[in-house]
There are 2 protein chains.
Amino acid sequence: MDPPRTVQGTGEPPYDLIELLFFAYRDFTSDPDEVLAEYGFGRAHHRVLHFVNRNPGLRVTDLLAILKITKQSLGRVLKQLVDEDFIVQEPGPVDRRERLLYATEKGAALAMRLTDLQTKRISRALAGLPDDGQEIARRFLYEMIDPDQRRDVVRLIERDKG
Amino acid sequence: MDPPRTVQGTGEPPYDLIELLFFAYRDFTSDPDEVLAEYGFGRAHHRVLHFVNRNPGLRVTDLLAILKITKQSLGRVLKQLVDEDFIVQEPGPVDRRERLLYATEKGAALAMRLTDLQTKRISRALAGLPDDGQEIARRFLYEMIDPDQRRDVVRLIERDKG
DNA sequence: AAATTTATGTCAGCCATATTGACATATTTC
DNA sequence: GAAATATGTCAATATGGCTGACATAAATTT
């Protein structure tokens, strides 16, 4: 079956892409949601755990900038993750006001389990594309980001690469 | 600037795509959110208005299946949209238990304004891609959807085409 | 050394959006 | 007439956002 498409070059909005984005994201988040529910966690916990796991030593401030939520909103979720031993905080070695965040083994295990679900979905999607599909999908998503946010996003994603 | 990428074929998860999806969706929804705030509406109102506007005569049940939320959650949001004259309900001509939903002129105007914002972002993203970029982006998003949901999604998107 | 700024946390309260369960009504179908 | 269907409503609850105010410890500036 082929995906639906709107006719282009007619000035008509790309309703197909608008709606596909909604449905793709809806289902993309649904796999982790099921697992998280087992732990009494929600999507907010996932985001925090994911970025901390990917960026050991992340500061609270960094997390706020990434997630674009307030300190208070983050506070509750982060506290739960710390209390339940998925994340630990350590004072910064240079600036001891900072609390650097690290995933524990338990946290890394959950993060991996969630990543694995998302990896499966993405791999399946990429398998249906031509060779340059991954490159183009990546570029498309990248170009969807606010131009003034791209630098930060790139820095973040590059941060832990070998 | 190029988007970041993880090395493929190494068994490493596609962290780049996982995170780009998060950031792309975050920014994709941020434009409409600003406008909606002017009306005292949220993202939930947007989704309802969008699909009703795109599918005149949609039933409440259809909307529940699309949005995957409960009747009670939809109820409040829909009621506000009806009370404030963005959507009207009409009994189904065949089955009078049904309440078919239609966007009013006011509703259509708001929907168009929101669609326009999303169209601009998508057009800008597509402009940075090769010729087959749109086709591949569409296919990628389509393949991200749960296989057993694809038929419904296609039917919905095809529904109002000329 | 004192004053200021920064990173973080916390308390109290509010709002939007989701949930479940139970029940009511009108209408259609068997 | 009975059962199933489409919808609505009431009550209670949870999650995850928000704002504003205030507190503390540590670093930086003067």
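Lettering of chains follows the sequences in order, A, B, ..., and the numbering in each one begins at 1.
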request  = Say whether, by atom type as modelled, one donor and one acceptor occur between the side chain of B/N53 and the main chain of B/L49 under 3.5 angstrom.
outcome  = no

inquiry  = Using only atom types and a distance under 3.5 Å, with no angle test, would you say the side chain of B/R96 pairs donor to acceptor with the backbone of B/P91?
reply    = no

key: B/Q72, nearest nucleotide to its side chain (from D/dA11, C/dT27, C/dA18)   =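 For the B/Q72 side chain, the nearest candidate turns out to be D/dA11.
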
note = Per the under-4.0 Å heavy-atom filter, residues of residues 78-95 of chain A near DNA chain D come out as A/V94, A/D95

N or O in side chain of [X] less than 4.0 angstrom from [N] OP1/OP2:
X     : N      : result
B/S73 : C/dT19 : yes
A/R96 : D/dA26 : yes
B/R99 : D/dG8  : yes

query = Looking for any heavy atom pair under 4.0 Å, which part of the strands does A/R76 touch: base, sugar-phosphate only, or nothing?
reply = base

remark   = note: A/L64, atom CG; C/dA7, atom P; distance rounded to Å ~ 11 Å

inquiry  = Just the rounded figure in Å: distance from P of C/dT20 to NZ of B/K71.
reply    = 12 Å

ask   = ring-ring contact (aromatic ring centres under 6.0 Å, His included) with A/Y102: which residues, sequence neighbours excluded?
value = none

query = Can you list the residues that meet the ring-ring contact (aromatic ring centres under 6.0 Å, His included) rule with B/F41, with sequence neighbours excluded?
reply =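 With neighbours one apart ignored, the set is B/H45, B/F86.
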
query = CE of A/M144 to CG of B/L126: how many Å apart, nearest 0.5 Å?
reply =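 Here the rounded value is 8.5 Å.
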
inquiry  = Taking the nucleotide of DNA chain C with the nearest heavy atom to each, does B/G40 or A/E98 sit closer to the 5' end?
reply    = A/E98

Toward the 5' end of DNA chain D, by each residue's nearest nucleotide, A/A44 or B/R97 =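 Taking each residue's closest nucleotide, the earlier one in sequence belongs to B/R97.
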
